[in-house]
Amino acid sequence: MTELRVVDVVEEQLDAVWEVRIRSFGPGGDRDEWQKNALTFMDGRFLGVVDGDALVAAARIWPFEQWWGGRRVPMGGVAGVVVAPEYRGRGVGSLMMRAVLKRCVDKGYPLTALYPATTVLYRHLGYEFAGNRYKFSFEAADLRTLGGKGTAVRKAGRADAALFLELAAKNHEVRRSSGPLIWPRTEVESWLEDEDNFAYVADDGFVVYNWSEGALAVDELIAGSEETARALWATVGSGSSIAKSVQAYCPPFDPIHLLAEHEADGDTRINRWMLRLTDAPAAIATRGFPDGVVLETDLRIDDPDLTANTGDWHLSVANGSGSLKPTDNPADGLRLGPRGLAALYAGTPVAALRGAGLITGGAPATDSALDAVFAGPTPYMLDYF
Ligand SMILES: CC(C)(COP(=O)(O)OP(=O)(O)OC[C@H]1O[C@@H](n2cnc3c(N)ncnc32)[C@H](O)[C@@H]1OP(=O)(O)O)[C@@H](O)C(=O)NCCC(=O)NCCS
């Protein structure tokens with residue numbers, strides 16, 4: 001083994017990346033589709049590790065935005081993290097992920113998130129659980145009779161991508177969502193032109209669904225009003241003569257749980273995702289906070305991998321916005337590392353973080369105020385990446 005180096009992956013290395021992927025995730029997948037997609041990451045969002053000339057590890061960064069408190073925060077979505085089997089267990093994954101964190105900072109993503117196949121690697125680097133991806137199963141017949149017949153619903157296609165993004169944005173702003181992704185428009189266009197996806201749009205909402213193993217599967221349903229929710233869910237439920245169930249990715253507090261006559265089936269599937277703040281002041285400045293909640297407090301952050309986050313900070317929250325500024329005169333504030341910071345940002349109660357040793361110090365009187373500041377609808381994602 002010569003000296004291992006982190007590099008930007010170039011097109012000529014994609015065969016090697018594919019080979020490591022097969023050895024990591026198993027065979028399958030469309031090689032050409034993967035390659036086409038991989039090429040879109042070559043603007044500094046595809047990192048690898050080489051031993052001499054040989055590529056032995058790779059990871060990609062999706063250029064997402066993520067809703068936090070009803071505002072958009074740029075987020076680097078880390079995917080396809082693979083290390084060649086013969087190089088595992090000797091720090092290669094960690095070396096690459098440290099470079100990924102720094103690249104997220106350079107690219108202007110104050111947040112990064114991922115679905116972990118193993119938590120150990122990512123926890124060592126400051127990621128912590130922040131939210132879930134839920135899948136509920138409804139009776140198709142229940143959805144069919146939801147009504148909404150007075151609402152005009154039309155078939156949608158590729159040309160509606162910008163409209164879909166706009167309708168989703170309005171909805172997440174109003175609901176003060178935390179967690180859902182904003183995909184690049186080109187990705188939305190490619191879903192909408194995929195003949196296996198069925199998309200419909202109303203004045204203030206849309207649905208995208210498809211067939212999945214004999215059932216209908218809703219990837220996303222956005223509705224700005226009760227009538228539109230009824231109309232769009234009923235459109236999907238109209239397939240009930242063939243599909244007995246409708247699997248839907250949606251949060252546990254989606255209005256459909258209050259509209260459908262029977263509760264969703266208990267086979268709710270949950271994938272947990274992890275979050276990390278790469279630029280703490282920017283992450284605080286860009287997210288939304290609850291209106292009417294006011295807080296002034298000091299924090300001590302220790303972040304060994306991204307030292308710009310390390311230091312004494314003053315957190316101010318008022319009028320739905322927050323700021324994190326360095327302070328030379330810290331009061332006895334909370335002490336936390338990147339894992340505690342990520343979990344706090346995602347609304348994990350401070351008492352739970354103290355219970356796990358992720359937060360220490362400070363005054364318990366401030367705990368409930370911090371809980372109130374970071375509270376909001378439970379963070380969730382609809383998509384896997
Ligand atoms: C997961 C993977 C990327 C880790 O790469 P690696 O080079 O072995 O990681 P490192 O040597 O830097 O290990 C970092 C830490 O993670 C731990 N770790 C690595 N793989 C692990 C596993 N499968 N289970 C539990 N812990 C693991 C290591 O023990 C180490 O912790 P330690 O310092 O406390 O001992 C690699 O095993 C791999 O490619 N696996 C198959 C594909 C995969 O699962 N990718 C992740 C997708 S999210």
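We use all heavy atoms of the structure for the numbers below, so side chains are in, but hydrogens, waters and symmetry mates are not. Both ligands and their constituent atoms are indexed starting at 1 by order of listing. Note that the structure is a prediction, hence the values are computed from the model and not measured.
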Quiz prompt | Aromatic ring proximity Y380/Y249, centre distance under 6.0 Å | solution =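 Not close enough - the centres of the two rings lie 6.0 Å or further apart.
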Please set out all donor-acceptor pairs under 3.5 angstrom arising from side-chain atoms of residues 323-330, sequence neighbours excluded.
| residue | atom | partner | partner atom | Å |
| --- | --- | --- | --- | --- |
| T327 | OG1 | N329 | N | 3.2 |

Quiz prompt | Exercise: identify the closest heavy-atom pair between L192 and G157 | solution =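 Shortest heavy-atom separation between L192 and G157 comes out as CD1-O, 3.5 Å.
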Quiz item: Can you name the residues that come within less than 4.0 Å of ligand 1, going by heavy atoms only?
Solution: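 Near ligand 1, by chain and number: S24, F25, V81, V82, V83, R88, G89, R90, G91, V92, G93, S94, Y115, A117, T118, V120, L121, Y122, H124.
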Quiz prompt | Pair R103-D8, salt bridge (Lys or Arg N to Asp or Glu O under 4.0 Å): steps then yes or no | solution = CA-CA 10 Å; R103 188 58 62 87; D8 280 277; 2.8 Å; yes
Practice problem: Taking ring pair (Phe, Tyr, Trp, His ring centres under 6.0 Å) as the test, write out the residues that go with W313, two or more places apart. | Solution: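 For W313, no residue satisfies ring pair (Phe, Tyr, Trp, His ring centres under 6.0 Å) once neighbours in sequence are set aside.
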Self-check item: ring-ring contact (aromatic ring centres under 6.0 Å, His included) partners of residues 158-196, not counting sequence neighbours, each pair once
Solution: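 ring-ring contact (aromatic ring centres under 6.0 Å, His included) check on residues 158-196 returns W62-W183, F64-W183, W67-H172, F164-F206, W183-W191.
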